[in-house]
J.: 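The structure's right below; bear with me while I get my questions together.
All values derive from a computational prediction rather than experimental measurement.
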Amino acid sequence: MSKTTDKAKRPAASKHSPAPKRSASSSAKPASCTSRHQRLMDAAVIEFSERGFDGASVLSIAKRAGVKQPLLNYHFGGKDGLWRAVVEEAYAEATQALEVVRAKTHTKEPVAQLREALRAFAIINVLHPAAHSLVLREVAQAGPRLDWLVETYMRPFHNVVDGLLAECHKAGLDQALPPRVHQRDDDPHPDGRAVINAPDKDALQRRANAT
């Protein structure tokens, strides 16, 4: 049989045949874009921790990251958006862990929950020391960024810890806990300062581990 006859018998291609698959590189977000975004985050946490929010400039951050300044505005909308993104990244694991603790309320022994809550925020100092320094700079002065830190992270954490301490006391597990850190009467954010600076939190952690 001739080649012409064989060719004629072949079925015609379906009109509904699937289109050729696009390569992963054509649909995925360019790696360079993700890399520039992370470089800006890494550069920002250093600049903010060393110079503070007011001392750090978008130009110095972009220069440290090795990108053009307009790219910072493209990714974060400006310096304030970048600052918040850095804090959110640092607190992401602690926030997730705190939600787990909240979900276990009344279903787990309070001292164990207290241990988990304290560990969740203590780990920020270990994993993100520069971000912790950045937060300390804001705690040292009143302003809208400290207000946001207190309402978003400090007060929710304090509420969980205070609730767990109350449960420990009710169950007779507090065993002469040390007094809370002294707060000045003119301190506008006692919750924020207590969470960051209170030495009694370490004592609570030791007692929780020993129980």
J.: Mind listing the closest non-hydrogen atom pair of Val160 and Ala117 along with its distance?
T.: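 Nearest pair, atom of Val160 first, then Ala117: CG1-CB, 4.5 Å.
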J.: Considering only heavy atoms from C-beta outward, does the side chain of Met154 approach that of Val135 to under 4.5 Å?
T.: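 The answer is yes, as the side chains (C-beta and beyond) meet within the 4.5 Å cut-off.
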J.: Atom CZ of residue position Arg137 - does it have more than 12 heavy atoms of other residues, nucleotides or ligands inside 6.0 Å?
T.: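 Yes, the 6.0 Å shell around CZ holds more than 12 heavy atoms from other groups.
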J.: Are side-chain heavy atoms of Phe157 and Thr95 found at a separation under 4.5 Å?
T.: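 Of all side-chain heavy-atom pairs linking Thr95 with Phe157, none is under 4.5 Å.
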J.: Considering all heavy atoms of both residues, which atom of Ile61 and which atom of Leu40 are nearest to each other, and what is their separation?
T.: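 Heavy atoms only, the tightest pair is CG2-O, 4.0 Å.
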J.: Where do Val67 and Leu71 come nearest, in terms of heavy atoms and distance?
T.: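 Closest heavy-atom pair between Val67 and Leu71: CB-CD2, 3.9 Å.
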J.: Parallel, tilted or perpendicular: which one describes the rings of Tyr91 and Tyr153, with boundaries at 30° and 60°?
T.: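 Tyr91 and Tyr153: parallel rings.
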J.: So do the side chains of Gln141 and Phe53 get within less than 4.5 Å of each other, counting heavy atoms only?
T.: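 The answer is no; the side chains never approach within 4.5 Å.
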J.: What's the separation between atom CG in Leu72 and atom NE2 in His37, rounded to the nearest 0.5 Å?
T.: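 Taking CG in Leu72 and NE2 in His37, the distance rounds to 9.5 Å.
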J.: Looking only at non-hydrogen atoms, find the nearest pair between Ala131 and Ala90 and report the distance.
T.: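 Scanning both residues, the minimum pair turns out to be CB-CB, 3.5 Å.
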J.: With a 4.5 Å cut-off on side-chain heavy atoms, are Lys63 and Leu59 touching?
T.: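 No, too far: nothing below the 4.5 Å cut-off.
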J.: What distance separates Leu164 CG from His169 NE2, expressed to the nearest 0.5 Å?
T.: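 Rounded to the nearest 0.5 Å, the CG-NE2 separation comes to 14.5 Å.
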J.: Give a yes-or-no answer on whether the side chains of Ser35 and Arg39 include a donor-acceptor pair shorter than 3.5 Å.
T.: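 A donor-acceptor contact under 3.5 Å links the two side chains.
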J.: Linking Ile, Leu, Val, Met, Phe, Trp and Tyr through side-chain heavy atoms less than 4.5 Å apart, which residues share a cluster with Leu127?
T.: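 Hydrophobic cluster check, Leu127: joined to Ile123.
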J.: Is there a donor-acceptor pair under 3.5 Å between the side chain of Ser49 and the backbone N or O of Ile46?
T.: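 A pair under 3.5 Å: yes.
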J.: Grab the two heavy atoms, one from Asp54 and one from Lys79, that are nearest each other, plus how far apart they are.
T.: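 Looks like O-NZ, 4.0 Å.
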J.: For Ser60 and Ala56, work out which heavy atoms get closest and say how close.
T.: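 Taking every non-hydrogen atom into account, OG-C, 4.2 Å.
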J.: For the CD atom of Gln38 and the NE2 atom of His75, what is their distance to the nearest 0.5 Å?
T.: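 Gln38 CD to His75 NE2: 11.0 Å, rounded to 0.5 Å.
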J.: Can you tell me how far CD of Glu47 sits from CG of Asp42, rounded to the nearest 0.5 angstrom?
T.: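 If I round to the nearest 0.5 Å, the distance is 12.0 Å.
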J.: Quick check for you: to the nearest 0.5 Å, what is the distance between Leu134 atom CG and His128 atom NE2?
T.: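 It comes to 12.0 Å.
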J.: Using a 3.5 Å distance criterion without hydrogens, assess whether the side chain of Arg84 forms a donor-acceptor pair with backbone atoms of Arg145.
T.: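 No; judged by distance alone, with no hydrogens or angles, the pair does not exist.
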J.: Show your working on side-chain contact (heavy atoms from CB on, under 4.5 Å) between Leu165 and Leu114 and close with a plain yes or no.
T.: CA-CA 8 Å; Leu165 286 173; Leu114 179 60; 3.9 Å; yes
J.: Taking atom types as modelled, is there a side-chain donor on Gln69 or Asn73 under 3.5 Å from an acceptor on the other?
T.: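 Looking only at side-chain atoms, Asn73 and Gln69 do not form any donor-acceptor pair under 3.5 Å.
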